[in-house]
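Note sheet for the following structure.
Along the sequence shown, residues are numbered consecutively beginning with 1.
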Amino acid sequence: MTARNIRSNELKSEQRWQAVDKIQGLTFSDTRAFFSQSYGLDDSWIYVFATTGRPKQFTPEKALLKIRMPAHLE
């Protein structure tokens with residue numbers, strides 16, 4: 001990515017991923033991706049996904065683990 005690309009709108013996506021809605025944090029380890037989701041007064045969630053095999057779907061149904069957290073996790 002260069003400044004020229006940004007100014008001229010020449011950027012193009014190389015990949016598209018489906019992901020959990022309302023994600024506010026994301027981090028990766030060697031084999032896992034961790035998404036944090038928090039919105040309003042409802043419970044927050046940590047979703048854990050495998051990253052082996054280059055997955056393109058990080059949806060709640062594909063999560064290895066879903067951890068309930070207190071509201072306002074952000």
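Sequence neighbours left out, not one pair with a member in residues 20-29 passes side-chain hydrogen bond (donor to acceptor under 3.5 Å, both in side chains). Residue pairs satisfying the salt bridge (Lys or Arg N to Asp or Glu O under 4.0 Å) criterion with at least one member in residues 27-41, sequence neighbours excluded, are absent.
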List, one per line, each side-chain donor-acceptor pair under 3.5 Å for residues 59-71, sequence neighbours excluded.
{"from": "Thr59", "atom 1": "OG1", "to": "Glu61", "atom 2": "OE1", "distance (Å)": "3.2"}
{"from": "Arg68", "atom 1": "NH1", "to": "Asp43", "atom 2": "OD2", "distance (Å)": "2.7"}

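Residues Ile23 and Tyr39 are members of separate hydrophobic clusters, defined by side-chain heavy-atom contacts under 4.5 angstrom among Ile, Leu, Val, Met, Phe, Trp and Tyr.
Aromatic ring pairs are classed by plane angle as parallel below 30°, tilted from 30° to 60° and perpendicular above 60°; the pair Tyr47 and Trp45 is tilted.
In terms of the salt bridge (Lys or Arg N to Asp or Glu O under 4.0 Å) criterion, Asp42 has no residue partners (sequence neighbours excluded). With sequence neighbours left out, the side-chain hydrogen bond (donor to acceptor under 3.5 Å, both in side chains) criterion links Ser44 to Ser38.
If you take CZ on Phe58 and CZ on Phe34, they are separated by 11.5 Å, rounding to the nearest 0.5 Å.
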